[in-house]
Amino acid sequence: MVMALRRPILHKVLDYEDEFFALLMLVLETHSMRTTDASFSESLYGLRRRTVNFKLKKDALHFNSTDGIQNSGIEKHQRVLSVVFLVVLPYFKSKLHSIYSRERESVVRASLWGPGDERSDDTDYLDMAESPVEQTRASGHEISSRARILQGAKKVIAACYPWIHTSHEGLAFAYQTLYLLDATGFYSLGLHALGIHVCRATVQEQMDASSRISRMRSRERERLRGPPWLKKLQGALLSCMYAALDYSQTGLIAAVFVFKMMEWWYQSAEERMSAPTIYPPPPPPPAPKVAKEGIKLPSDRTVCPLCSEKRANPSVVTVSGLVYCYGCIFKYVSQYKRCPVTLIPAEVEDIRRLFHDM
């Protein structure tokens, strides 16, 4: 998104960001399930997935969720279904959410501006479908029926998605709450449906996984066929692929860190460029000079120049900045229309009352 702001051509890639992300997660989750019997995130914490075999105790009426659970390695179909639950179903859910959001926006737009926008969308779709060459009525009817079917399917999705989303989130919350309360050994519906329990891997299991990966890759290298140069090329490609998959976890963590740093730097640079320039405050103007024909300023600054007494209700004349008694300066300015000391022209509106903090 940050790079697309400077290069608009990358917006075309962002249109398929869900597909790219799903493809990346499909590769990572498949590799993680194949080598470690765990999802990509679970392998970061040293966790493993094991098949659960329940053995109910006949003499116990109430038993703990972890009682009678025996763990064994997961099978191939469980790996495939785990990838489906981790990648495929979230991808379809995101697509349903995008369709629901667009339909919701169209409904809100129609409620504000009328149904003209929805009709215009259908009209544009039909106009683009028509070619410069005249089409038959049958083809036009087929296109219109197809558009009506798609529109009807979107409305059905928009009506059903809130219930699907609520059910999914409710079940996820219930399973996680029960898992925290130790009432069940599964923290998600997918694990319960597959009969898989997530547990921490032992050191021996990690060593066995490393040796199993080595044997698996050795068998894959032995299956290479062709001339010697082709085998070398295939072996080099396999080595590059193995290295990329082995360091994918560390690489993704580093990529996220670098991306966040670049995003922070870019946003801070944009803020610096868009922030207004702050200039220092201008120096105060020079004090006005006392006119020769004006009243002389007293030596005591707290005395009014007009009545020669301590100021009462001090007020300033804004054109000169000098302070007098409010009654004295109001009468003088009303009569002479000037400041009594500097003789600068002034009006009653130029008098401002001064207040001191008590």
Side-chain angles (χ1 to χ4, degrees), residues 1-15 17 101-102 104-118 120-121 254-358:
M1 181 65 71
V2 176
M3 298 179 64
L5 294 176
R6 294 184 177 273
R7 296 172 177 83
I9 193 173
L10 295 179
H11 279 289
K12 296 181 179 179
V13 179
L14 293 178
D15 294 337
E17 58 179 348
S101 300
R102 288 196 296 267
R104 183 63 180 173
E105 290 177 359
S106 63
V107 170
V108 173
R109 191 185 305 113
S111 63
L112 294 176
W113 306 103
D117 293 338
E118 296 180 356
S120 63
D121 294 341
V256 170
F257 177 77
V258 173
F259 174 77
K260 288 298 181 182
M261 288 294 296
M262 291 180 60
E263 185 179 16
W264 169 79
W265 175 82
Y266 180 80
Q267 291 179 353
S268 60
E270 288 289 332
E271 291 176 357
R272 289 195 301 267
M273 293 175 61
S274 60
T277 305
I278 301 176
Y279 297 98
K289 297 181 180 180
V290 179
K292 294 181 179 181
E293 296 81 5
I295 300 174
K296 302 302 180 182
L297 288 174
S299 58
D300 188 0
R301 296 292 182 179
T302 62
V303 175
C304 176
L306 291 175
C307 63
S308 300
E309 295 180 0
K310 190 172 180 64
R311 289 192 296 262
N313 296 328
S315 301
V316 64
V317 181
T318 57
V319 295
S320 62
L322 300 176
V323 183
Y324 308 87
C325 296
Y326 179 75
C328 300
I329 192 61
F330 185 82
K331 293 177 181 178
Y332 188 91
V333 173
S334 300
Q335 183 177 0
Y336 298 103
K337 306 295 183 183
R338 65 184 182 182
C339 175
V341 177
T342 61
L343 303 183
I344 298 175
E347 298 291 340
V348 177
E349 290 78 9
D350 298 327
I351 301 173
R352 297 290 183 272
R353 176 75 170 87
L354 297 180
F355 298 92
H356 298 283
D357 296 335
M358 300 302 293

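Index from 1, following the sequence.
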Check: [Y] main-chain N/O paired with [X] side-chain donor or acceptor under 3.5 Å:
X      : Y      : result
Arg338 : Val333 : no
Thr318 : Asp350 : yes
Arg352 : Glu349 : yes

task = Check the pair Ile351, Tyr324 against side-chain contact (heavy atoms from CB on, under 4.5 Å), reporting the backbone distance first and the verdict last.
result = CA-CA 10 Å; Ile351 301 173; Tyr324 308 87; over 6 Å; no
Taking every non-hydrogen atom, the tightest pair across [X] and [Y]:
X      : Y      : answer
Pro305 : Lys296 : CB-O, 4.3 Å
Val323 : Arg311 : CG1-NE, 3.4 Å
Val303 : Pro298 : O-CG, 3.7 Å
Ala291 : Thr342 : CB-O, 3.7 Å
Lys310 : Cys325 : O-SG, 4.2 Å
Val317 : Ile329 : CG2-CG1, 3.5 Å

ask   = Under 4.5 Å between any side-chain heavy atoms of Pro340 and Leu306, yes or no?
value = yes
Nearest 0.5 Å, what's the [atom1]-[atom2] distance between [X] and [Y]?
X      : Y      : atom1 : atom2 : answer
Asn313 : Phe330 : CG    : CZ    : 13.0 Å
Leu343 : Cys339 : CG    : SG    : 7.5 Å
Arg301 : Leu322 : CZ    : CG    : 8.5 Å

